[in-house]
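Structure first, commentary second.
Per chain, numbering begins at 1; letters A, B, ... match sequence-line order.
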Amino acid sequence: MKLATWNVNSVRKRLPHLLAWLDAATPDVVALQELKCETAAMPRAELEAAGWHLAVVGQKSYNGVAVVSRHPIQVLSEALPGDPEDTQARYVEVETGGIRFVSLYLPNGNPAPGDKYTYKLGWMRRLIDHTRTLLAAEVPFVLAGDYNVCPTDDDVYDPAGWQEDALVRPDTRRLYRELIYLGLTDAYRVLNPEPHRYSFWDYQKGAWQKDHGLRIDHLLLAPTLADRLAASGIDRGPRGGEEPSDHTPVWCRLTQ
DNA sequence: ATGGTAGCCTTGCTA
């Protein structure tokens with residue numbers, strides 16, 4: 001079973017890339033982020049015609065997450081629990097292909113410090129709390145998405161230049177470690193120890209050409225699924241295409 | 001010291 005996460009930076013703009021990649025990479029379940037459209041504007045017909053099931057939590061202009069699966073999907077939650085006031089479309093939790101699967105878009109948090117950074121840290125705290133609930137329920141789950149967190153300096157092209165940024169600040173990394181230390185496995189890192197392998201390259205300043213990237217897209221596995229991890233990688237192909245997303249897919253394969 | 005790019009629509013905001 002092949003799982004993936006990809007921040008597409010507008011699903012309407014990226015639909016040809018998405019369809020081509022789904023066809024070539026043959027994943028079973030994919031988490032998408034930054035749809036940048038309302039649920040009703042999701043290009044549902046095109047994806048369903050290609051044989052995909054969908055769960056979509058959209059929002060006008062910003063955010064928006066989805067799960068695309070070869071298997072039927074049961075939607076379990078369309079928001080991260082813990083704050084009824086939070087209306088940003090950043091979380092969808094489903095059951096598909098025999099696992100619990102989450103597509104999440106963790107807040108960027110810049111500029112930091114500030115209101116946006118406070119929101120980010122609160123969101124991370126809520127994610128930790130909800131993960132405890134998932135662990136207690138003993139369901140096999142995957143938390144897939146754009147975390148907007150570089151776990152260590154090995155995940156940043158220029159650590160010194162980025163140390164004040166919301167993606168690498170100590171409070172960000174502290175909460176990310178707290179999440180991981182609940183018992184989750186970073187599916188990419190555990191099998192790929194080489195430093196400076198990235199999933200995002202800014203559009204500006206020739207970042208892609210210079211490999212000035214960040215590793216911020218992660219597949220975090222529940223303890224029971226970590227035992228089934230067979231392979232993982234970052235597929236740099238889509239980032240090098242025409243009019244690409246600024247992120248590229250991260251994937252893993254589970255036995256069975 | 002600044003601006004560089006992309007996508008949305010709000011010709012500014014978010015990233």
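B:dT10 and B:dT5 are spaced 24 Å apart, taking the P atom of each and rounding to whole Å. Nucleotides B:dG7 and B:dT2 are separated by 27 Å at their P atoms, to the nearest Å. B:dT11 and B:dA6 have their C1' atoms separated by 15 Å, with the value rounded to a whole Å. Distance check on atom P: B:dG4 versus B:dC9 gives 24 Å, rounded to whole Å. Taking the C1' atom of each, B:dA1 and B:dC13 are spaced 23 Å apart, rounded to whole Å.
The side chain of A:K205 sits closest to B:dG3 out of B:dC9, B:dG3, B:dG7. Checked against B:dA6, B:dG7, B:dT10, the side chain of A:Y203 finds its nearest nucleotide in B:dA6.
To the nearest angstrom, P of B:dT14 lies 9 Å from CD of A:Q88. At whole-Å resolution of the value, CD in A:E34 and P in B:dG7 are 11 Å apart. Counting to the nearest Å, the P atom of B:dT14 and the NE2 atom of A:H247 are 17 Å from each other. Rounded to whole Å, atom P of B:dT14 lies 17 Å from atom CD1 of A:I216. Atom CG in A:N7 sits about 12 Å away from atom P in B:dG7, given to the nearest Å. Protein atom CG of A:D246 is 10 Å distant from nucleotide atom P of B:dA6, rounded to whole Å. Rounding to whole angstrom units, OH of residue A:Y62 and P of B:dC8 are separated by 11 Å. A straight line from CG of A:D202 to P of B:dT14 spans 17 Å, rounded to a whole angstrom.
Both A:L35 and A:N108 lie near DNA chain B, and the one whose nearest nucleotide falls closer to the 5' end is A:L35. Both A:N9 and A:Q204 lie close to DNA chain B; mapped to their nearest nucleotides by heavy-atom distance, the more 5′-ward contact belongs to A:Q204.
Taking the centre and axis of the six-membered ring of A:Y105, the NZ or CZ atom of A:R90 falls inside the cone set by 45° and 6.0 Å.
Under 4.0 angstrom from either OP1 or OP2 of B:dT14 there lies at least one side-chain N or O belonging to A:K116. Residue A:R14 has a polar side-chain atom (N or O) positioned under 4.0 Å from OP1 or OP2 of B:dG7.
Contact annotation for A:R239: no contact, since no heavy-atom pair falls under 4.0 Å across all strands. Heavy atoms of A:F200 sit nowhere under 4.0 angstrom from any nucleic acid atom.
For the atom pair CG (A:D217) and CG (A:D146), the distance works out to 4.5 Å, reported to the nearest 0.5 Å. Rounding to the nearest 0.5 Å gives a distance of 7.5 Å between CD1 of A:I180 and OG1 of A:T185.
Ring-centre distance between A:W6 and A:W251: not below the 6.0 Å cut-off.
Under the 4.5 Å side-chain criterion, counting only non-hydrogen atoms from C-beta, A:R236 is in contact with A:D211. A 4.5 Å side-chain heavy-atom check between A:R169 and A:T172 finds at least one atom pair inside the cut-off.
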